[in-house]
Amino acid sequence: MDEFGERPARQWRVMPAHPLVKAAGAVFFAVMAVFSGDPELALLAGVAAAGFLVLAARDVLAPVRLAADEGGVTVIRGFAGHRHIPWAEVQSIRLGERQRLGRTTRLVEIDTGERLHLLSSYDLGAPPEDVTEELRRFRLGTAG
């Protein structure tokens with residue numbers, strides 16, 4: 001059984017090292033806040049520490065960002081919730097590309113008509129191209 005209360009055919013999750021790196025960032029900024037000697041820098045470092053801690057907590061509380069089975073997909077919703085979407089509600093599954101600061105980022109795009117769910121390799125722990133193809137096979141009933 002998994003955190004969805006069922007046994008999905010496939011899950012994609014945040015890699016285990018990511019929350020550890022974020023926790024280390026939180027510790028670094030917390031130490032900087034305590035020992036900075038400058039109230040403005042301490043405040044800024046404290047906010048950064050809290051931000052890193054929140055992001056690490058999300059990775060620990062909801063490591064599975066996407067799951068798929070013959071009935072549909074389950075995606076992350078909000079901070080640590082999940083939403084199951086039956087295949088009948090999925091209008092398209094695409095590999096999207098975004099250009100920013102001279103860098104191309106690939107994303108899995110799951111379009112339900114009402115919402116567009118975007119998941120990166122960070123969220124999935126796998127290349128978005130591979131996940132997109134596997135999701136399409138599930139949707140067609142040819143996975144496994």
Side-chain angles (χ1 to χ4, degrees), residues 1-34 36 40-144:
M1 291 282 233
D2 72 353
E3 63 194 69
F4 302 125
E6 56 194 43
R7 197 174 287 282
R10 185 72 162 91
Q11 293 181 342
W12 292 273
R13 61 180 54 237
V14 173
M15 294 191 328
H18 288 155
L20 296 175
V21 170
K22 291 174 185 175
V27 169
F28 171 79
F29 283 109
V31 168
M32 183 185 289
V34 170
S36 72
E40 291 173 356
L41 181 60
L43 177 64
L44 186 60
V47 169
F52 273 103
L53 194 58
V54 166
L55 292 173
R58 181 180 192 222
D59 289 351
V60 170
L61 294 172
V64 175
R65 302 296 168 90
L66 176 65
D69 61 25
E70 64 279 346
V73 293
T74 303
V75 295
I76 188 94
R77 181 178 186 175
F79 182 76
H82 295 95
R83 175 179 178 233
H84 181 75
I85 305 167
W87 289 121
E89 293 180 25
V90 176
Q91 292 185 355
S92 67
I93 299 168
R94 294 182 300 268
L95 177 64
E97 289 190 358
R98 305 284 184 265
Q99 292 276 336
R100 186 173 173 170
L101 301 174
R103 193 179 145 119
T104 301
T105 302
R106 289 186 172 83
L107 302 166
V108 173
E109 297 180 356
I110 302 170
D111 189 356
T112 65
E114 295 177 17
R115 285 209 156 132
L116 181 63
H117 302 275
L118 303 172
L119 299 145
S120 68
S121 59
Y122 164 79
D123 295 308
L124 304 167
E129 315 62 40
D130 297 346
V131 176
T132 300
E133 286 306 311
E134 196 164 350
L135 287 174
R136 288 176 179 158
R137 287 193 304 271
F138 269 109
R139 188 173 183 205
L140 294 172
T142 61

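These numbers were taken from a predicted model, which means no experiment stands behind them. Note that the numbering runs from 1 along the sequence shown for the chain.
- Every residue was checked against the salt bridge (Lys or Arg N to Asp or Glu O under 4.0 Å) condition with E70, not counting sequence neighbours, and none meets it.
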Subject >> Residues L61, F79; criterion side-chain contact (heavy atoms from CB on, under 4.5 Å); working and verdict >> reply: CA-CA 9 Å; L61 294 172; F79 182 76; 3.9 Å; yes
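- For S120, the side chain to side chain donor-acceptor pair (under 3.5 Å) test picks out D123, with sequence neighbours left out.
- Put simply, CD1 on I85 and NE2 on H117 are 3.5 Å apart, with the number rounded to the nearest 0.5 Å.
- With sequence neighbours excluded, the residues forming a side chain to side chain donor-acceptor pair (under 3.5 Å) with Q99 are T104, listed by chain and number.
- Between W12 and L124 the shortest heavy-atom distance is CB-O, 3.5 Å.
- With sequence neighbours left out, S92 forms a side chain to side chain donor-acceptor pair (under 3.5 Å) with R94.
- How far CZ of R115 is from CZ of R83: 6.5 Å, rounded to the nearest 0.5 Å.
- Contact check for L119 versus I110: side-chain heavy atoms found under the 4.5 Å cut-off.
- Between G72 and W87, the shortest heavy-atom contact is N-NE1, 3.1 Å.
- R77 is linked by a salt bridge (Lys or Arg N to Asp or Glu O under 4.0 Å) to nothing, counting only residues two or more places apart in sequence or in another chain.
- With a 4.5 Å cut-off on side-chain heavy atoms, S121 and P128 count as touching.
- Applying the side chain to side chain donor-acceptor pair (under 3.5 Å) criterion to R106, with sequence neighbours excluded, gives E97, E129.
- Proximity of a side-chain donor or acceptor of R65 to a complementary backbone N or O of I76 within less than 3.5 Å is not detected.
- T132 is linked by a side chain to side chain contact (heavy atoms under 4.5 Å, CB included) to I93, L95, V108, R136, counting only residues two or more places apart in sequence or in another chain.
- Looking only at distances, a side-chain donor or acceptor of R139 sits under 3.5 Å from a matching main-chain atom of V90.
- The side chain to side chain donor-acceptor pair (under 3.5 Å) analysis of residues 44-57, with sequence neighbours excluded, yields no pairs.
- With hydrogens and angles disregarded, a donor-acceptor distance shorter than 3.5 Å links the side chain of H82 to the backbone of V64.
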**OP:** Start with the C-alpha gap between R98 and E109, add the side-chain angles, then the distance that decides, and say whether salt bridge (Lys or Arg N to Asp or Glu O under 4.0 Å) holds.
**Re:** CA-CA 12 Å; R98 305 284 184 265; E109 297 180 356; 2.9 Å; yes
Would you be so kind as to tabulate the donor-acceptor pairs closer than 3.5 Å made by side chains of residues 17-32, with sequence neighbours excluded?
from: K22; atom 1: NZ; to: D59; atom 2: OD2; distance (Å): 2.7
from: K22; atom 1: NZ; to: Y122; atom 2: OH; distance (Å): 2.2

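- Between D69 atom CG and H84 atom NE2 the span is 6.0 Å, to the nearest 0.5 Å.
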